[in-house]
Amino acid sequence: MAKRTSSLYTQPFHRRETLRFECTGCGACCTGTEESHVFLEPGEAEAIRHHLGLSTAWFRRRYLARTGEEETVLAWGAEPGRCVFLGADGRCRIYPVRPLQCRTYPFWPEVVATRKAWEQEARRCEGIGRGAPVPLARIEAELERQR
Ligand code: SF4
Ligand code: SF4
């Protein structure tokens, strides 16, 4: 017989709790470690290239990289984990066409799944826990965009 579980218990964390988030623009989420990458959805590299007005060859050489699993990602900038598009002023240089991964942060499935994950991410992102409660509909919409 299957073990019974409470429906409350099985609800994802973001549905059980009110989450607050307000971006301060600190830029910390655009830096990381050697395991940090900005992955690209189909068409995103081309949108960024077009936005910058660069040739395909130059754009690929300067701004794209491959992971060990041969996935296309944005290159690092001055140091490992730092996105090549993070300016010295802490601003994103391709903000209007930034990848989905950036647009949906911090509402990633693995981040909003549990309180522990949300609080752990708050150590990196000072916007977590700030500001007004984020409407559940917005969080659900961000999650849906990543499916
Ligand atoms: S593309 Fe922009 S928002 Fe995304 S990690 Fe790079 S600098 Fe940050
Ligand atoms: S780390 Fe959080 S507060 Fe800082 S720029 Fe990124 S999303 Fe905004």
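Values reported hereafter were calculated over all heavy atoms of this structure, with side chains retained and with hydrogens, waters and symmetry mates removed. Note that ligands are numbered from 1 as they come in the structure, with each ligand's atoms numbered from 1 the same way. Not measured: the values here are computed from a predicted model.
- Annotation: ring pair (Phe, Tyr, Trp, His ring centres under 6.0 Å) contacts of Trp58 (sequence neighbours excluded): none.
- Distance from atom 5 (S) of ligand 2 to its nearest protein heavy atom, with residue and atom name: Gly27 N, 3.2 Å.
- For atom 2 (Fe) of ligand 2, the nearest protein heavy atom (residue, atom name, distance) is Cys125 SG, 2.3 Å.
- Protein heavy atom at the shortest distance from atom 8 (Fe) of ligand 2 is Cys23 SG, 2.3 Å.
- Contact atoms of ligand 2 toward Gly127: 3 (S) (distance under 4.0 Å to a heavy atom of the residue).
- For Arg16 and Phe13, the positive end is not near the middle of the six-membered ring at less than 6.0 Å and at most 45° from its axis.
- A donor-acceptor pair under 3.5 Å links the side-chain atoms of Arg130 to the main chain of Glu126, judged by distance alone.
- Proximity to Tyr105 (heavy-atom distance under 4.0 Å) selects the following atoms of ligand 2: 7 (S).
- Taking the side chain as every heavy atom from C-beta outward, Pro99 and Phe39 never approach each other to under 4.5 Å.
- Judged as a salt bridge (Lys or Arg N to Asp or Glu O under 4.0 Å), the pairs with a partner in residues 103-115 (not counting sequence neighbours) are, in order, Glu17-Arg115, Arg115-Glu119.
- For Phe59, the ring pair (Phe, Tyr, Trp, His ring centres under 6.0 Å) partners are Tyr63, not counting sequence neighbours.
- If you check which protein heavy atom lies closest to atom 6 (Fe) of ligand 2, you get Cys29 SG, 2.4 Å.
- In terms of protein heavy-atom proximity, atom 4 (Fe) of ligand 2 is closest to Cys26 SG, 2.3 Å.
- In terms of modelled atom types and a separation under 3.5 Å, the side chain of Gln101 and the main chain of His37 share a donor-acceptor contact.
- Atoms of ligand 2 found under 4.0 Å from any heavy atom of Thr24 (numbered from 1 in listed order, with element): 3 (S), 8 (Fe).
- Close approach of ligand 2 to Gly25 is summarised as follows: ligand atoms under 4.0 Å from at least one heavy atom of the residue are 5 (S), 8 (Fe).
- The environment of CZ in Arg82 is crowded: more than 12 heavy-atom neighbours from other residues, nucleotides or ligands sit within 6.0 Å.
- Checked against the 6.0 Å centroid threshold, His14 and Trp118 do not count as a close aromatic pair.
- Around atom 6 (Fe) of ligand 1, the protein atoms of type N, O or S that sit closer than 2.8 Å are Cys83 SG.
- The backbone N or O of Phe107 sits less than 3.5 Å from a side-chain atom of Gln146, completing a donor-acceptor pair.
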